[in-house]
Enquirer: 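Supplied in structure tokens, the structure appears directly below.
Each ligand, and each atom within it, is numbered from 1 in the order the structure gives. Positions are given from 1 along the sequence.
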Amino acid sequence: MFETLSKAPGDKILALMGEYAADQRSQKIDLGVGVYKDEKGVTPVMTSVRKAEERMLANEKTKTYLGIAGNKGFGNAVLDLVLAGSVDRDRVRIAQAPGGTGSLWVLMQLINRARPGATVYVSDPSWANHNPIAIGSGLEVATYPYFDPATRAVKFDEMLAALDKLGAGDVVLLHGCCHNPTGANLTNTQWDQVAESLARTGALPFIDLAYLGFGDGIEADAYGTRKVVSAVPESLIAFSGSKNFGLYRERIGAAILVARDSAQADVTNSQLLNIIRGAYSQPPDHGAEIIRIILEDAELRAEWEAELSQMRERMLTLRAKLAAAIRERSNSSDFDFVADHRGMFSLLGLPGEAVDHLKAENGVYMTGDSRINVAGIPEDRVGDLAEAILSAIR
Ligand code: LMR
């Protein structure tokens, strides 16, 4: 049986975790996989999460099944968080899913049931896992222009011109905020224009919302999602609680669908639930119950929001420090974009040899496309890092 198989490509982002762990150098710096780290280099369990978890353990009476859509309280709380009042809830359905990736996967499967082989347009570049999920679901993948390597900003005119050419039956995958891997994001005015374009062409927006709260705050980061969803008859959202709740290994996310009306939402949702039942039957509850407890309790929610703000502000400080350190050493503004980008990542635009050099010579790990996780920058070694980056491109 298995002799028919050839070796599948490894995942480049996750492989970096192993390489970094095996590196014996004490001065190594991990700017690889997208996990938040505090000033000690630790990915902490948030205090609000710990408290919710304790409460959950104390009150849990049963571990019986919850149903295919998962934890209902979690679902309602996530809809409030993500959509607020932007769309009539009669048109919305939500199913808890294993992480942002699981949410993307079930929604891609849903698209393929509705339009077998439809084309999903992803930003150029996009998160490395988008293509495999789409292709594995039977869909085609094409790109729309997004990142300008010269300015390290969004080439918006080209992006919009490409979106304007799409039509009903096409799918546009958008990063709701904190673009991965580039860190370059749309302004509110640009979101307005994207929403108008989608409303005009009838292409289906599919929003990957994996970093809500990591850019400029929950409300600011939700602007684009709410704007788009309120402008069009149908849309999809893949939400992740991995980063903003620090629940990475609990695999907690949600697949959200917005249909033309309530009857269409029911039919579409029946297909979504059928996909889930045939894949993993029902989602695990642990992370969902933690998020439900936090979002439904005013005090815990305030504590979570404060912790999220602290993480966000730390990343902004690190961005400003790295940009300043490079500016001081190079006497140029070439890397000032690091301070302007938002979210966990910035795409530095270094050649592959520079990325290899940084790893071999300095123990600095980043993905092969030169994406850095800014949360991994050690605050007391920003100067060393700036020096290493400059010497790699000299
Ligand atoms: C990343 O982009 O590094 C994260 O989203 C982790 C992952 O699963 O790739």
Side-chain angles (χ1 to χ4, degrees), residues 8-21 28-38 41-44 97-108 122-137 141 146-147 173-185 206-215 221 237-255 283-284 287 308 311-312 315 318-319 338 341-350 355 358-359 364-377:
D11 184 277
K12 295 208 174 89
I13 297 179
L14 300 183
L16 265 187
M17 290 176 78
E19 269 186 71
Y20 178 78
K28 62 185 179 177
I29 296 178
D30 182 13
L31 309 179
V33 68
V35 293
Y36 177 79
K37 291 184 194 168
D38 65 14
V42 172
T43 304
T101 303
S103 309
L104 286 164
W105 189 84
V106 295
L107 291 172
M108 297 272 194
V122 302
S123 60
D124 178 23
S126 198
W127 180 45
N129 213 14
H130 280 150
N131 279 23
I133 300 171
I135 290 164
S137 302
V141 179
Y146 186 80
F147 188 65
L173 188 60
L174 297 155
H175 298 231
C177 62
C178 309
H179 188 269
N180 179 7
T182 69
N185 297 289
F206 183 179
I207 301 172
D208 184 351
L209 194 58
Y211 295 87
L212 182 66
F214 265 41
D221 291 354
I237 304 167
F239 169 81
S240 172
S242 295
K243 327 276 167 163
N244 42 19
F245 288 88
L247 285 166
Y248 308 88
R249 67 172 66 167
E250 304 300 352
R251 309 311 301 139
I252 178 61
L308 182 58
M311 296 197 287
R312 178 174 62 247
M315 289 186 284
L318 290 168
R319 285 184 176 284
V338 173
H341 284 168
R342 285 294 179 274
M344 194 171 246
F345 308 112
S346 268
L347 196 64
L348 294 187
L350 309 182
V355 173
L358 280 160
K359 194 200 290 182
V364 175
Y365 286 72
M366 63 185 70
T367 53
D369 55 359
S370 76
R371 183 195 80 173
I372 59 164
N373 168 5
V374 294
I377 301 171

Enquirer: Using the ring of each side chain (for Trp, its six-membered ring), is H175 parallel, tilted or perpendicular to Y146, with breaks at 30° and 60°?
Expert: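 Ring orientation of H175 relative to Y146: parallel.
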Enquirer: Measure the shortest side-chain to side-chain distance between L31 and V364 over non-hydrogen atoms and say whether it is less than 4.5 angstrom.
Expert: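 In contact.
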Enquirer: Does the ring of Y365 carry K28 above it, NZ/CZ under 6.0 angstrom from centre and within 45° of its axis?
Expert: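 Judged by the rule, K28 and Y365 form no cation-pi pair.
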Enquirer: For ligand 1, what N or O to protein N or O distances fall under 3.5 Å?
Expert:
from, atom 1, to, atom 2, distance (Å)
ligand 1, 2 (O), W127, NE1, 3.0
ligand 1, 2 (O), N180, ND2, 3.0
ligand 1, 2 (O), R371, NH1, 2.9
ligand 1, 3 (O), G34, N, 2.7
ligand 1, 3 (O), R371, NH2, 2.8
ligand 1, 5 (O), Y211, OH, 3.4
ligand 1, 5 (O), K243, NZ, 3.0
ligand 1, 9 (O), W127, NE1, 3.1

Enquirer: Testing R342, K243, R312 for side-chain hydrogen bond (donor to acceptor under 3.5 Å, both in side chains) with Y211, which one passes?
Expert: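 So, applying the side-chain hydrogen bond (donor to acceptor under 3.5 Å, both in side chains) to Y211 and each of R342, K243, R312, only K243 qualifies.
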Enquirer: With side chains defined as the heavy atoms from C-beta onward, is the minimum distance between E250 and P98 less than 4.5 Å?
Expert: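 No - every pair of side-chain heavy atoms lies 4.5 Å or more apart.
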Enquirer: Any side-chain heavy atom of K37 within less than 4.5 Å of one from D30?
Expert: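 Counting from C-beta outward, K37 and D30 do come under 4.5 Å.
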